[in-house]
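For ligands, and for the atoms within them, numbers begin at 1 and follow the listed sequence.
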Amino acid sequence: SSCRKCPLCQSRQNTVFGAGDQNARVMVIGEAPGEEEDRQGLPFVGRAGLLLNQMLLAANLSRESVYIANILKCRPPGNRNPYSEEVKRCHDYLLRQITLVQPEVMLAVGGVSANNLLQSEEAVGRMRGKVYTYGESGIPLLVTYHPSYLLRKPSEKAKAWQDLQLLMKQLQ
Ligand code: URA
């Protein structure tokens with residue numbers, strides 16, 4: 001909360017570090033806090049968060065049983081995409097979270113998360129449905145659509161459901 005590594009510290013109300021079970025089997029990684037997350041200091045508590053909770057429940061996972069974090073810990077003004085310099089300066093926090101939680105599976109939600117975690121520029125539609133590995137960690141990483149995208153495009157929910165089934169399979 002005292003971080004001043006990038007200019008987002010000037011516009012944030014709260015840092016949004018992460019939430020959930022520190023011994024979670026699943027770590028969900030989103031993009032960055034939005035308006036409601038910035039207000040509450042908690043990840044995925046706005047409209048997208050409610051859908052994320054439902055997605056997790058569809059995979060037999062409660063919100064409390066997973067660990068939820070974001071690529072950025074502070075809200076970019078107007079919810080713009082993170083700048084690469086911001087991602088770079090924030091990276092050590094996420095790395096430390098992954099090291100401490102040691103999840104069995106990581107779930108990247110949305111393109112910003114997936115592209116940063118996998119160092120790729122592919123679209124989510126081309127990354128989903130596969131099991132990747134996060135860096136040198138050996139941790140399996142799956143990609144699915146961001147719940148904000150699914151709110152705008154509900155017809156894609158069927159594909160997200162397939163991704164969640166793959167997540168369940170990975171946990172078996
Ligand atoms: N979108 C994200 O990617 N993360 C949040 O915490 C909220 C909305």
- Query: Yes or no on side-chain hydrogen bond (donor to acceptor under 3.5 Å, both in side chains) for Tyr149 and Glu156, after CA distance, side-chain angles and deciding distance?
  - Reply: CA-CA 9 Å; Tyr149 172 75; Glu156 297 286 65; 3.1 Å; yes
- Arg75, Glu31, His146: member with heavy atom nearest to atom 1 (N) of ligand 1: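 Considering heavy atoms of Arg75, Glu31, His146, the nearest to atom 1 (N) of ligand 1 sits in His146.
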Without hydrogens or angle criteria, can the side chains of [X] and [Y] be said to hold a donor-acceptor pair below 3.5 Å?
X: Gln162; Y: Lys157; result: no
X: Arg4; Y: Gln10; result: no
X: Asp21; Y: Ser65; result: no

- Are any of the N/O atoms in Phe44 less than 3.5 Å from those in ligand 1? yes
- Short N or O distance, Glu37 and ligand 1, threshold 3.5 Å exclusive: no
- Under 4.0 Å from a heavy atom of Pro43: give me the atoms of ligand 1 that qualify, with their elements.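 Those atoms are 6 (O).
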- Task: With heavy atoms of Gly30 as the reference, note each atom of ligand 1 found under 4.0 Å away.
- Result: 3 (O)
- So, does Ala48 sit close enough to ligand 1 that a heavy atom of it is under 4.0 Å from the ligand? no
- Name the closest protein heavy atom to atom 4 (N) of ligand 1, giving the residue it belongs to and the distance to 0.1 Å.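 It is Asn70 OD1, 2.8 Å.
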- Query: Mind checking whether Phe44 and His146 have parallel, tilted or perpendicular rings, split at 30° and 60°?
  - Reply: tilted
- Quick one: do Asp163 and Arg128 make a salt bridge, cutoff under 4.0 Å?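 Arg128 and Asp163: salt-bridged.
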- Which bit of Ser113 is near ligand 1, meaning a heavy atom under 4.0 Å away: side chain, backbone, both or neither? neither
